[in-house]
Amino acid sequence: MNIRKVGELLVERNLITKEQLHEALELQKIFPDQTVGQLLCKLGFINECDLSIVLDQKDKRRKLTDILLEKGVIDQQKIANAHDLSKQHDIPFEKALVKLSYVDEETLSKGIAIQYDMPYVNINAANLDPSLSHFISSVYAQKQRIVPISKIGNTLTLTMAYPLKSQDIRELEDSIRLKIISAIATESSISSCLKKLYNIDTVNSATADSEVNLDLVPDSIVDLLSNTSSGDEPEVEEETKKVTEKDSVIVKLVNKIIYDAYMNKASDIHIEPYPGKKDVIVRTRVDGQCSVYQRIPYKYKFALPSRIKIMGDLDIAERRRPQDGKIEFKKFGPLDIELRVATMPTVGGLEDIVIRILASGDPVGFTDLGLTERNLRVFRESLSSPFGLILVVGPTGSGKTTTLHSGLAQINQTNRKIWTAEDPVEITQVGLRQVQVNSRIGFTFAVALRSFLRLDPDVIMVGEMRDEETANTAVEASLTGHLVLSTLHTNSASETVTRLLDMGLDPYSFSDSLLSVVAQRLARRLCSDCKSSVVPSEREFRELVDEYGAAQFEETGITYQNSMMFRAVGCDRCGHTGYRGRLGIHEVLECTTPLKSLIKRRAEADAIREQAASDGMTTLKQDGIMKVLHGLTDIHEVRRVCIK
């Protein structure tokens, strides 16, 4: 907050004189921790209500987050976590900070006092004069969460956890015919005083925001595990009885594991129990790489899976066959996220659990996909076609759905009806009609696709072409005036064509319908905060050129003299891995007229790849190498995700 500008605003509004402002500024040199507003009030030059109105109208208040940051109480990550919790459960940001144990009540209240230029007071309910309750009605005191703590002459001091609006203070002054001085106190002390003065038990009448299930928050994993006791080999029956207890350590433990995984942007959680007295290993997958998150004492090897099965409505007694289900975590913890759970019986009568954290949210921006200029052009032209087939291919977890939804966002307009069939629906968009398939009841991709054709669609997205029936129906739909998008699990764009022909597609219909194939991988992105530039040796550069293809590399215009590479280092921001986030590596096959001829002749994948290359396609490895030379990733990552 610019102190002088606030003072000037007060002068401009004739609320104080220039001489009074000068006096307050001189006094501030003696009391530098006091704001000009506070000093003007103490000098009697302006009242709190007028000052508050000016600050609010002119948006001159300091943000609470800035005050707490300045004091070193919180950091940006904690602010983000608190905002997430606030949105998930519709509770005030300040309450989220306390719920997450990032600040205590006193620190928060002192920060609010600074923000609103109000004094902070530490009140004791036992010392309050009961006669003070006569000045404020119990109903109003409870509604506004305010407590009168003293009356001196014609002035009543009111304490509150959060400041009342200036208008409310004025109306209250007119009502009780007393001057009011406002002060900030902690929420718990306000509750104690309300109970003392008005016999109001605010604990029993808690609002929904105080009932947010935050079993996981007060304890760290270390604290939780320190509460465990060593003992003999646990028995299944004894351990599974404990998992339904609300206050059980196991409940907090599971919640904490899931919460930490989400906050660390993990995609999967692996619970791995072992026979005997070996610890349960918990691993998380972040940016495609698994790492050990925690070792849990062996005594929980039955209780951990059982608790997760209860959360996912699975059969807790069935340990001989695999099961799968889903968890709506908002029923158990502070995050509104959906989890997919799969169990697998392992040796020793144990069960492994894998939890997939579904990254629900908005689509990634089209230009943020990492496509090169040529690849972006081909993909955009395919999307603008009124009919045809677009395929995005790659292994599981390579970002196919993300790419499809980014493409759909480009054509998601009111003049187009778009249907999608997905398993599961992870990314939502307003304007799309999205359906989740369920193979258990016979509602497969093929069934959904046939049904869509009776619903007057313009664009159809099918989550995956798993069988010949789905593939044939998709091709037929694309030839009858619909734009169809789908995915396939293949290694490259050229292999996709031969795979579909091997599945039984008619080569003539397929060649007429196909617009483009986008093959992709996800490589870890170098951490921008700690990556280090290195000049490659001539041998390293020659290896890159050979992998890219010497003839094609010459066309890039990059020489050894102007080349630069980067390497992973590691810092706090990236967890000392050297990588943070992921980027796409792509190859985009454009179905040109010569390529259509090859498809009709059922040509081999090599011939299709050569033709696509002559049409301008760069392979996955080539695209990855260019991103290495642009400093986005390193060659080790490219070689890891690109086989050829």
Side-chain angles (χ1 to χ4, degrees), residues 363-364 366-367 369-372 374-394 398-413 416-422 427 429 432 434 445-446 448-449 452-453 457-466 470-501 503 505 507 509-521 584 586-593 595-596 599 608 612 615-618 620 623:
V364 174
F366 194 64
T367 54
L369 291 173
L371 292 159
T372 61
R374 180 262 175 192
N375 290 345
L376 200 64
R377 175 187 59 79
V378 173
F379 193 26
R380 183 178 276 125
E381 288 175 357
S382 299
L383 289 166
S384 62
S385 175
F387 60 87
L389 179 64
I390 300 172
L391 297 172
V392 179
V393 303
S398 59
K400 300 186 293 297
T401 302
T402 300
T403 299
L404 279 178
H405 269 281
S406 296
L408 285 175
Q410 291 293 296
I411 57 176
N412 183 8
Q413 299 167 349
R416 280 189 164 185
K417 183 62 178 283
I418 304 175
W419 283 96
T420 77
E422 304 169 68
I427 300 171
Q429 294 188 53
L432 303 190
Q434 295 177 263
F445 284 118
L449 184 51
F452 287 167
L453 295 175
D458 293 303
V459 181
I460 296 171
M461 187 189 98
V462 185
E464 186 183 342
M465 286 187 177
R466 292 179 177 172
T470 308
N472 273 316
T473 309
V475 169
E476 290 171 12
S478 65
L479 290 172
T480 53
H482 306 96
L483 181 64
V484 180
L485 298 87
S486 189
T487 72
L488 208 66
H489 289 111
T490 52
N491 289 324
S492 67
S494 54
E495 288 177 31
T496 302
V497 175
T498 54
R499 169 76 64 82
L500 287 169
L501 291 174
M503 283 173 63
L505 289 185
S509 299
F510 179 41
S511 63
D512 289 340
S513 68
L514 187 64
L515 295 171
S516 61
V517 181
V518 179
Q520 71 177 58
R521 300 288 189 277
H586 310 87
E587 65 179 28
V588 180
L589 178 148
E590 184 179 12
C591 197
T592 59
T593 301
L595 204 138
K596 288 180 186 289
I599 295 174
I608 291 171
D615 292 333
M617 182 186 84
T618 53
L620 286 165
D623 189 55

Task: Short side-chain to backbone donor-acceptor contact, Gln434 and Ile427, under 3.5 Å - done: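 Present.
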
Open item on the list: For Ser511, is there any backbone N or O sitting under 3.5 Å from a side-chain donor or acceptor partner on Lys596?
Closed with: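 At least one qualifying donor-acceptor pair exists.
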
Task: Over 12 non-hydrogen atoms of neighbours within 6.0 angstrom of CZ in Phe366 - done: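 Above 12, so yes.
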
Open item on the list: Could you tell me if Thr403 and Gln520 have a donor-acceptor pair between their side chains, going purely by distance under 3.5 Å?
Closed with: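 Judged by distance alone, the side chains do pair up.
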
With respect to [X], which candidate in [options] satisfies the side-chain contact (heavy atoms from CB on, under 4.5 Å) definition?
| X | options | value |
| --- | --- | --- |
| Met465 | Val393, Asn472, Leu391, Thr490 | Leu391 |
| Ile460 | Leu483, Ile418, Leu453 | Leu453 |
| Leu479 | Val484, Asp512, Leu389 | Asp512 |

Enter the distance from [X]:[atom1] to [Y]:[atom2] here, rounded to the nearest 0.5 Å.
| X | Y | atom1 | atom2 | result |
| --- | --- | --- | --- | --- |
| Ile411 | Asp458 | CD1 | CG | 9.5 Å |
| Ser486 | Leu449 | OG | CG | 8.5 Å |
| Leu501 | Ile608 | CG | CD1 | 7.0 Å |
| Arg374 | Phe379 | CZ | CZ | 12.5 Å |
| Arg377 | Ser382 | CZ | OG | 9.5 Å |
| Leu432 | Trp419 | CG | CH2 | 11.0 Å |

For the residue pair [X] and [Y], what are the closest heavy atoms and their distance?
| X | Y | answer |
| --- | --- | --- |
| Thr401 | Glu422 | CG2-OE1, 4.4 Å |
| Glu587 | Ser492 | OE2-CB, 3.3 Å |
| Ala471 | Met503 | CB-CE, 4.1 Å |
| Ile599 | Pro507 | O-CB, 3.5 Å |
| Met461 | His405 | CE-NE2, 4.1 Å |
| Arg416 | Ser384 | NH2-O, 4.1 Å |

Task: side-chain contact (heavy atoms from CB on, under 4.5 Å) assessment of Ile390 paired with Ser516 - done: CA-CA 5 Å; Ile390 300 172; Ser516 61; 3.9 Å; yes

Open item on the list: Could you go through Leu383 and Leu485, starting from their C-alpha distance and side-chain angles, then the distance that decides it, and tell me whether this counts as side-chain contact (heavy atoms from CB on, under 4.5 Å)?
Closed with: CA-CA 9 Å; Leu383 289 166; Leu485 298 87; 3.8 Å; yes

Task: Val518 and His586: CA distance, side-chain angles, deciding distance, side-chain contact (heavy atoms from CB on, under 4.5 Å) verdict - done: CA-CA 7 Å; Val518 179; His586 310 87; 4.3 Å; yes

TODO: For Leu595 and Leu589, run side-chain contact (heavy atoms from CB on, under 4.5 Å): C-alpha distance rounded to whole Å, both residues' side-chain angles, the deciding distance at 0.1 Å, then the answer.
DONE: CA-CA 9 Å; Leu595 204 138; Leu589 178 148; 4.0 Å; yes

